[in-house]
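Presented below is the structure to which this report refers.
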2 protein chains.
Amino acid sequence: MPRKTLPVADGGQAPERADAAENRRKILAAAAELIEARGVEALSMDEVARAAGVGVGTVYRRFGDRATLVYAVVDARERDFQAAFLGGPAPLGPGAEPRARIRAFLHALVDRTEEQLELLLMAEMDSADARFKEGSYALYQQHLTLLLSEVRPDADAAYLSDALLAPLAANLYRYQRRTRGMSVARIKKGYDDLLAQVTG
Amino acid sequence: MPRKTLPVADGGQAPERADAAENRRKILAAAAELIEARGVEALSMDEVARAAGVGVGTVYRRFGDRATLVYAVVDARERDFQAAFLGGPAPLGPGAEPRARIRAFLHALVDRTEEQLELLLMAEMDSADARFKEGSYALYQQHLTLLLSEVRPDADAAYLSDALLAPLAANLYRYQRRTRGMSVARIKKGYDDLLAQVTG
DNA sequence: AAGGTAAGCGGAGGATTCTCCGTTTACTGC
DNA sequence: GCAGTAAACGGAGAATCCTCCGCTTACCTT
């Protein structure tokens, strides 16, 4: 039953040979281009392999599965956002008080979910844990945990940040927007209320 | 590209012919049995069809896709839980004060997520919105919204209940439990803290 | 109770994802 | 340089999901 076999995360980080690195670049570029051109829905692994000029086996060795590949594309697109909250200007970046940074961070995250919705959705659907394992989730969660622990040192900041990021799961977000017709403003307002309660 | 085509929810509710209803029953029973016997991972639609004694096309006409079928099985298993919070004894059922009911409800939901994790995971992965569209999510969300609006009439209860249910998404829950090693108790405690803040 | 019709049925086949493993290639130590 | 080895490559093929459409059947109307 080859439908899905979650690839075991290999603990050791072998330094990756030169040809392998080159192929990773080619594959990533090809995937990004194909998505740009025809949408995520239409992205097939065979096609990516052909466009990148490698065998399909190579695509799978580098990226494990579809979801991981798509997340890699998302990540590449988000590099600048990540730089912004790590080292950019306040209130997103350092300098502002924690409460303000948390708020700015979550609002920004709502915006990027809105923008990348299609991609995120596709990636989430293909693999149960690519979102957490491969995507930038770990980074976001860590960032939020740190900020929260400053504001509420008594609480389980790690759990709390999971809980605050959870409503941004692509499938829920899409359901709220498309099926229930909630506006982006309403979602942000909902977050504000939540934050007002949680961060005091 | 036939990988996925979300079935359009047909607004009209044609009353379903007798043979169709019978086949639905047979398919559901076969699916439940196969899952029981060999796990969700190994469940193939062709196999379900064969075990139920119908064509594979019939399975798809009745249930649209894998996710919907799996959710139907989950729902069948959860009938009693649903009865418990709708009409059972307090604090889950009516009679207790809203705050206590909310707490009992979420704790119970954590337990059922723990129990049905494999099934929920599989169903979530196959379809982006089967969880919301087909599963009992709507019921849970409605219930929670009602309780919340009693406690916090000023807030956006609908959004808030989405946000409180979001951490129970199977993929996040599994990640917390398996990869990060959080205990069930810790998760419940996290909820308690959240509730203490949100419901005052 | 007979005829008409909308709904249901079945299973072959297209499309896709991912695995497997024999062959090729980049790096290391001498 | 050169040989040895671990890593990477490629693509055929297995497994699966879901669609399509010609045939069949339950239900309603008269």
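A note on names: the letters A, B, ... follow the listed sequences, proteins ahead of strands, and every chain is numbered from 1. We use all heavy atoms of the structure for the numbers below, so side chains are in, but hydrogens, waters and symmetry mates are not.
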Worksheet entry | B/R178 CZ: over 12 foreign heavy atoms closer than 6.0 Å | no
Rounding to an integer number of Å, can you tell me how far [X] [atom1] sits from [N] [atom2]?
X: A/D65; N: D/dA15; atom1: CG; atom2: P; value: 20 Å
X: B/E22; N: C/dC9; atom1: CD; atom2: C1'; value: 14 Å
X: B/M125; N: D/dC17; atom1: CE; atom2: P; value: 12 Å
X: B/L69; N: D/dT16; atom1: CG; atom2: P; value: 16 Å
X: A/L43; N: C/dT17; atom1: CG; atom2: C1'; value: 12 Å
X: A/M45; N: D/dG11; atom1: CE; atom2: P; value: 16 Å
X: B/D46; N: D/dA14; atom1: CG; atom2: C1'; value: 14 Å
X: B/K26; N: C/dC9; atom1: NZ; atom2: C1'; value: 11 Å

Item to complete: Using a cut-off of strictly less than 4.0 Å between a heavy atom of the residue and any atom of DNA chain C, enumerate the qualifying residues of residues 48-62 of chain A by number.
Response: A/V56, A/Y60
Practice prompt. With axes from five pairs an end, tell me the bend angle of the helix from C/dA1-D/dT30 to C/dC30-D/dG1, nearest 10°.
Written response: 30°
Can you give me every donor-acceptor pair (side chain of residues 138-145 of chain B, partner residue at least two apart or in another chain, under 3.5 Å) with its distance?
from   : atom 1 : to     : atom 2 : distance (Å)
B/Y140 : OH     : B/E78  : OE1    : 2.5
B/Y140 : OH     : B/S136 : OG     : 3.4
B/Q141 : NE2    : B/A158 : O      : 3.1
B/Q141 : NE2    : B/S161 : OG     : 3.1
B/Q141 : NE2    : B/D162 : OD1    : 3.4
B/T145 : OG1    : B/Q141 : O      : 2.6
B/T145 : OG1    : B/S161 : OG     : 2.8

Practice prompt. Following the transitive rule for hydrophobic clusters with a side-chain heavy-atom cut-off under 4.5 Å over Ile, Leu, Val, Met, Phe, Trp and Tyr, establish whether B/V70 and B/L34 coincide in one cluster.
Written response: yes
Practice prompt. Report yes or no: do A/L117 and A/M125 belong to one cluster of Ile/Leu/Val/Met/Phe/Trp/Tyr joined by side chain heavy-atom distances under 4.5 Å?
Written response: no
Worksheet, complete the sentence: In short, side-chain hydrogen bond (donor to acceptor under 3.5 Å, both in side chains) pairs touching residues 20-35 of chain B with sequence neighbours left out are B/E16-B/R24, B/E22-B/R25
Worksheet item: With sequence neighbours excluded, what pairs up with A/E118 under the salt bridge (Lys or Arg N to Asp or Glu O under 4.0 Å) test?
Response: none
Worksheet item: For B/E114 and B/R177, what are the C-alpha separation, side-chain angles and deciding distance, and is it a salt bridge (charged side-chain N to carboxylate O under 4.0 Å, His left out)?
Response: CA-CA 9 Å; B/E114 178 77 22; B/R177 292 279 290 126; 2.9 Å; yes
Discussion item. Between B/K189 and A/D156, does the salt bridge (charged side-chain N to carboxylate O under 4.0 Å, His left out) criterion hold? Intermediate values first, please.
Written reply: CA-CA 9 Å; B/K189 197 151 175 135; A/D156 186 342; over 6 Å; no
Discussion item. What does the B/S/- profile of nucleotides 24-30 of chain D look like, 5' to 3', with a 4.0 Å heavy-atom cutoff to protein?
Written reply: -BSS---
Practice prompt. Could you pull out the closest heavy-atom pair between A/A123 and A/A67, with the gap in Å?
Written response: O-CB, 3.3 Å
Discussion item. So which atom in A/P91 and which in A/R101 form the shortest heavy-atom distance, rounded to 0.1 Å?
Written reply: O-CG, 3.0 Å
Worksheet item: Would you say B/R50's side chain and B/M45's backbone share a donor-acceptor pair under 3.5 angstrom?
Response: no
Worksheet item: So what does B/N23 hit on the nucleic acid, given a heavy-atom distance under 4.0 Å: a base, only sugar-phosphate, or nothing?
Response: sugar-phosphate
